Amino acid sequence: MLTENINLYIQQPVQIDMSSYPNILTPPSSSEDSPQSTLYNSPPSCYGIQDSAYILPQTSLAFDFDGATQATAPYLRIVEQPIDRFRFRYKSEMTGTHGSLCGQTSDRSRKQTYPTIELCNFNKRALVRCSIYQHNTKEDHRPHAHRLIKKQGKGEVDDPHDAYVTPEEGYTYVFHSMGIIHTAKKNLVPELIRKKGQLKKEEIARLEGKVRDLTQKEEIEIKGLAESESKSINLNVVCLRFDAFYETNGILLPICPPVYSHSINNLKSALTGELKIVRMDHCTSPAKGGREIFILVERVTKKNIKVKFYELDDEDNIVWEDYGKFSDLDVHHQYAIVFKTPPYKDLTIKSPVKVFIELERPSDRARSEAKEFTYTVSSNIYKPGSKRARPSYDSSSYDTSLASDELPVPINNLCLENSPTGLLDDVQLEVTSAELQQAMRNINSDEFQRIFNDFGQDYSLATDAPNEFKKSVIKSRVVTSTKTSNFRSAKSRPYCQRSDSIEETAMAKQAVLELQNFIKTHPSDEKAVNMLCHYLKEDNKTNALHVSIRQNELMDVMFLLKMIYVWKQHELLNVRSDLYETPLHIATYLNSEEIVANLIVCKASVCVGDSEMNTPLHVAVISNASIAIFEKLFSSEDKTFVDMENNEGNTALNIAIENGNLKALKLLCLNGADINKQHKKNGYTPLRFAIEKQNVDIVKYILQHKDLQALVEDFQDINPLQAAINKDNSELVDVITQYMKQNNYVNVEIKNEVEDYSDDDFEEKFSIKLEQISSEELREMYTNVKNFTPACLDDISQILDQSGTWQNLADLLDLGHLMRSGLCDSKNSPTKLLLKLAIETNGDSVLQIRDFLENLDETQAVEIIDNMVRTQFM
DNA sequence: TAATGTTTCCC
DNA sequence: CGGGAAACATT
């Protein structure tokens with residue numbers, strides 16, 4: 001019987017450990033020539049898993065198979081690993097069907113896969129087996145007390161699951177419809193005894209050549225092992241073991257060493273369950289760290305959880321990492337963690353740094369999905385109550401007695417960041433009045449032009465005329481300018497938290513005067529540039545421009561802007577005050593349309609953040625600025641600022657929604673604000689924020705947006721529409737349900753309970769989401785489907801090829817003869833061929849085929865086809 | 001007791 | 001199906 005020329009190794013374990021696995025022994029007929037003392041060589045690496053128990057005894061080969069080398073030794077290859085997280089169900093939960101153990105690369109919608117094994121280098125029909133084992137890193141494998149069940153027909157059977165592989169099927173086998181039953185603690189020992197007994201019997205059959213019952217001694221031995229093992233067994237991790245056997249006379253001879261899948265973790269356990277950050281109260285921290293953050297998480301164990309921060313470079317390498325600081329007292333009931341952020345590696349960052357935050361479970365080094373987090377620049381501003389001295393403006397900084405030849409030396413390294421042309425080298429120093437005029441012609445602001453044309457006149461006024469006269473001129477202009485009517489008083493403003501001191505006002509006036517005087521006497525002197533920079537360059541300090549804007553001294557502002565423009569010192573416009581606001585922030589806040597307009601013309605940056613990283617656009621929304629202000633801001637050449645986030649992670653759009661500012665919302669949307677941008681704290685989209693705010697007008701407006709993705713889920717996997725219909729707000733619910741009807745969102749799942757509202761009216765409102773597609777409707781849909789999708793074809797072919805039902809189907813379709821007449825190429829799927837013939841040649845309908853399959857009890861295949869039709873129809 | 005772990009139940 | 005949570009058990 002064993003004389004066939006087949007590729008079969010008979011191996012012998014080094015140690016006989018009946019508790020670990022069925023021993024693989026030489027059959028009785030050849031056992032005498034395989035003594036234990038034989039020299040062994042190493043197993044070929046192609047075994048996929050190292051297992052010292054399986055060593056090929058060279059002298060004990062059962063067969064000489066034409067001098068086959070190790071390269072041609074048979075081995076098992078796992079084609080598709082099982083999914084690594086799966087819910088183990090208790091027996092009491094196994095009523096109805098739950099998901100089956102699918103393959104690792106399984107994809108919900110595209111292609112379902114299942115654990116798949118291939119027997120390589122073998123050329124005869126063989127038995128492959130799948131069973132459930134304990135997952136050990138050590139090379140010590142024992143059956144697991146959990147049960148690996150497989151649905152077969154209506155019932156289900158326990159492992160081991162045996163199946164044949166043949167050359168026709170490429171020596172592969174797909175194990176589908178399997179589930180894992182969590183054996184209750186009290187049943188661990190009996191279950192282990194049962195499995196060990198089974199394996200022992202197989203081993204005896206191999207050794208003794210026939211099947212017999214276990215002796216009492218053997219049973220007691222098994223019982224002892226089961227009891228001790230039950231105490232150490234890990235109930236939340238299992239793996240699959242695959243064997244290959246050559247069957248002869250009812251005895252199973254191993255063809256090669258078994259292989260083990262990677263671990264399968266119980267999705268339900270806090271020890272192995274999925275880690276997830278569900279929400280955080282803040283998504284930023286100053287670079288110095290220490291900010292207290294609350295995060296909500298899926299179930300964790302307090303002694304076994306860390307919060308990791310890390311930064312990636314462009315190639316996704318970790319360039320920095322640290323951990324959130326907390327004790328296990330800071331873990332609230334397994335579902336929330338309060339921690340302090342670690343300091344970033346560089347405490348003096350100049351721009352925000354994007355990092356990631358994730359949960360890490362030390363016990364199995366599992367990690368959650370990472371969420372974005374931002375380290376912010378410390379604005380270093382004066383805060384009331386802090387010990388830091390308030391910036392002073394002593395007169396020496398603005399020394400008016402500077403003679404023209406004593407001006408500060410040219411600021412050669414006036415390196416104005418972000419501005420390639422910011423260096424003095426690039427500045428045209430010899431400015432003639434003709435050039436000034438030329439420069440001004442390029443400015444397309446009428447207002448600016450007008451003021452500039454008045455420059456000479458003002459100039460003379462400013463220098464020669466008495467102060468009273470000058471003031472009255474300026475005043476009259478301010479009053480006559482209609483655009484300044486919206487001007488907000490600088491007093492009582494929440495945003496610019498202080499008004500200017502007398503000294504500051506004086507300083508500003510002085511600076512302007514000084515410059516004007518200098519220019520008058522030295523119209524094209526390069527030193528004017530130095531002077532200008534001298535007054536306006538220093539960041540984090542209130543300068544003349546800030547003050548002039550705050551006080552709405554239009555003439556002074558325009559003068560300074562002109563100087564900056566002509567000498568191309570645009571970066572001076574982005575210098576921040578002691579409150580960390582740029583001129584544009586201040587002008588925007590004060591609703592000074594004219595100044596905003598001219599700042600933009602002069603290329604003031606719209607991207608600079610204030611102490612809270614609010615851009616001027618944020619400020620415009622916060623202060624409910626006029627439409628004109630928004631328009632000016634959007635007229636900036638820089639278009640990247642629309643979606644910038646402040647230190648709370650809010651975009652201007654978020655603030656508009658939070659403030660119920662529909663006007664700002666519209667303006668932002670019209671100017672390209674991202675309507676689907678998720679907040680870093682919780683994944684909310686603008687629509688979701690509007691819904692949470694229950695502002696129906698705003699919700700309505702957002703729902704009309706052409707680019708809206710209404711179903712973007714938050715970190716808790718709730719989409720905005722689900723959130724909306726759970727609100728106790730009938731107006732809002734009406735708007736949402738109407739939207740859903742219009743967009744055919746029939747199958748939006750409602751994850752939260754609605755049963756609190758038992759009145760019929762309420763129920764009815766939701767009926768459109770809850771209703772199932774009736775079978776009539778489904779059949780209606782079938783009439784529009786002429787063929788199978790490739791993905792669907794793949795899936796059902798796999799099932800029908802496996803079960804062999806394709807033959808029955810062929811008969812029902814009157815194609816049985818064709819299929820058997822040699823058309824059927826064993827390399828290809830017979831089902832695929834059959835379905836192609838049926839539809840393309842016979843003209844059978846998909847519905848007809850579906851119904852035949854239903855008659856043949858191929859419920860899984862039927863379901864796949866139904867799903868295909870459903871998804872195609874929508 | 002309070003917190004955590006296990007099993008059952010339910011939509 | 002897949003998920004959540006109540007109920008029960010243990011530490």
Side-chain angles (χ1 to χ4, degrees), chain A residues 83-102 106-109 112 114 144-147 149-151 154 156 176-191 230-238 264-276 278 296-305 327-337 361 363-364 713-719 722-723 725-726 747-758 763 766-767 769-773 795 859-864 866-867 870-871:
Chain A
I83 194 156
D84 56 355
R85 290 176 190 284
F86 186 73
R87 173 158 166 186
F88 302 176
R89 296 226 170 230
Y90 286 89
K91 189 148 166 276
S92 63
E93 291 187 288
M94 291 308 285
T95 52
T97 54
H98 290 285
S100 67
L101 186 63
C102 55
S106 198
D107 188 311
R108 225 39 154 65
S109 45
Q112 280 273 36
Y114 302 94
H144 203 283
H146 291 342
R147 295 161 57 197
I149 54 107
K150 194 166 187 290
K151 279 184 291 223
K154 42 194 137 172
E156 52 199 28
H176 51 74
S177 313
M178 296 196 300
I180 296 170
I181 295 188
H182 189 126
T183 5
K185 286 226 159 127
K186 57 186 178 193
N187 296 325
L188 285 181
V189 175
E191 198 61 41
S230 71
K231 292 183 181 67
S232 63
I233 193 166
N234 183 343
L235 293 173
N236 290 308
V237 188
V238 302
I264 305 171
N265 295 283
N266 186 3
L267 204 51
K268 262 286 158 128
S269 154
L271 274 74
T272 53
E274 192 186 12
L275 293 173
K276 187 171 180 186
V278 161
L296 302 190
V297 298
E298 292 297 348
R299 195 148 67 115
V300 296
T301 41
K302 63 187 176 193
K303 291 185 195 310
N304 189 20
I305 192 69
S327 75
D328 54 8
L329 295 175
D330 297 319
V331 177
H332 179 74
H333 293 325
Q334 309 189 289
Y335 288 101
I337 304 173
R361 183 167 50 213
S363 66
D364 61 352
E713 294 179 343
D714 66 9
F715 292 170
Q716 281 178 89
D717 308 324
I718 309 267
N719 74 49
Q722 290 163 359
I725 58 181
N726 285 313
N747 56 347
V748 171
E749 265 184 64
I750 299 175
K751 296 199 175 174
N752 298 346
E753 292 298 329
V754 287
E755 63 190 5
D756 287 353
Y757 312 92
S758 51
E763 288 283 327
F766 298 128
S767 58
K769 276 83 63 187
L770 296 169
E771 84 187 358
Q772 296 289 318
I773 298 167
D795 291 352
T859 48
Q860 208 183 342
V862 168
E863 207 167 294
I864 289 167
D866 281 353
N867 275 332
R870 261 188 223 112
T871 52

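All values below were derived from every heavy atom in this structure, side-chain atoms included, with hydrogens, water molecules and symmetry-related copies excluded. Just so we're clear, the structure is a prediction, and the values are computed from it rather than from any experiment. Proteins get letters first, then strands, A, B, ... in listed order; numbering begins at 1 in each.
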Length of the line joining A:His176:NE2 and C:dC1:P, which is rounded to integer Å: 14 Å
Sequence-aligned protein contact record of nucleotides 4-9 of chain B, with B where the base is within under 4.0 Å of a protein heavy atom and S where only the sugar-phosphate is: SSSBBB
Sugar-phosphate only, base, or nothing, as touched by A:Glu863 at under 4.0 Å among non-hydrogen atoms: sugar-phosphate
By side-chain contact (heavy atoms from CB on, under 4.5 Å) - contacts of A:Thr301 (at least two apart): A:Ala270, A:Asn304, A:Gln334
Approximate separation, where rounding is to 0.5 Å, of A:Arg87 CZ and A:Leu267 CG: 8.5 Å
Close side-chain approach of A:Asp84 to A:Ile264, heavy-atom, < 4.5 Å: no
Nearest-0.5 Å distance, CG of residue A:Leu101 to OH of residue A:Tyr114: 10.0 Å
Length of the line joining A:Gln112:CD and C:dG2:C1', which is rounded to integer Å: 13 Å
Side-chain touch A:Val238/A:Phe88, heavy atoms, less than 4.5 angstrom: yes
A:Glu713 CD to C:dG3 C1', straight-line distance once rounded to whole Å: 14 Å
Atom-to-atom span, CE of A:Met94 to P of C:dG3 - whole angstrom: 15 Å
Residue pair A:Ser106 / A:Gln112, side-chain donor-acceptor N/O under 3.5 Å: yes
Separation of atom CG in A:Leu329 from atom C1' in B:dA3, rounded to whole Å: 13 Å
